[in-house]
Amino acid sequence: MPWAIVTDELPGVALADLQHGDPAAVAELLGRGGGLTPLGDDVLFGWIATACAVGRDERAAVSDEVARRSTRTTTLS
């Protein structure tokens with residue numbers, strides 16, 4: 001997926017915040033964008049999976065925020 005598609009559909013500030021492991025990014029990304037699983041969800045879950053694989057400490061805070069806000073997205077996500 002070309003990066004331009006992601007940056008066209010999702011707020012750049014939230015993507016930058018997520019890059020730094022800021023759970024505040026979840027509010028701006030979860031449920032946003034196109035697709036059966038919205039693009040923002042795909043980005044969040046990809047980040048969480050990668051953070052788990054490399055052992056980033058922020059992964060728990062971001063995962064917890066996704067769980068807390070899970071009603072904001074599709075059932076499939």
Side-chain angles (χ1 to χ4, degrees):
M1 171 181 297
W3 183 247
I5 292 171
V6 174
T7 57
D8 286 348
E9 286 195 47
L10 301 174
V13 172
L15 293 170
D17 289 346
L18 183 62
Q19 187 175 13
H20 297 289
D22 186 347
V26 173
E28 296 299 319
L29 296 174
L30 193 66
R32 288 188 78 157
L36 291 174
T37 58
L39 180 59
D41 297 12
D42 297 340
V43 168
L44 284 166
F45 299 138
W47 185 91
I48 291 167
T50 303
C52 287
V54 299
R56 286 198 56 174
D57 293 333
E58 306 94 335
R59 67 188 183 272
V62 172
S63 295
D64 289 348
E65 189 65 13
V66 168
R68 193 174 77 73
R69 294 177 176 273
S70 64
T71 59
R72 292 190 54 201
T73 191
T74 65
T75 302
L76 184 57
S77 273

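What you see is a predicted model; the values in this text were computed from it and never measured.
- If you take CH2 on Trp47 and CD on Glu58, they are separated by 5.5 Å, rounding to the nearest 0.5 Å.
- Contact record, Val43 with Leu10: CG2-CD1, 3.9 Å, taken as the closest heavy-atom pair.
- Residues Glu9 and Pro38 fail the side-chain proximity criterion, which asks for heavy atoms closer than 4.5 Å.
- In plain terms, the two heavy atoms of Asp41 and Gly31 that are nearest each other are OD1-N, 2.6 Å.
- Side-chain contact check for Leu15 versus Leu29: some heavy-atom pair is nearer than 4.5 Å.
- Between the Thr74 side chain and the Leu36 main chain, a donor and an acceptor come within less than 3.5 Å of each other.
- Checked by atom type and distance alone, the side chain of Ser63 pairs as donor or acceptor with a backbone atom of Arg59 at under 3.5 Å.
- Under a 3.5 Å cut-off, the side chain of Arg72 and the backbone N or O of Ala27 do form a donor-acceptor pair.
- Pro23 is not listed as a side-chain neighbour of Asp64, based on a closest heavy-atom distance of 4.5 Å or more.
- Nearest heavy-atom pair, Gln19 versus Arg56, reported as atom, atom and distance to 0.1 Å: O-NH1, 3.2 Å.
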Would you sort out whether Thr37 and Phe45 count as a side-chain contact (heavy atoms from CB on, under 4.5 Å), showing the intermediate values?
CA-CA 10 Å; Thr37 58; Phe45 299 138; over 6 Å; no

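- Taking CZ of Arg32 as the start and CG of Leu30 as the end, the distance is 11.0 Å to the nearest 0.5 Å.
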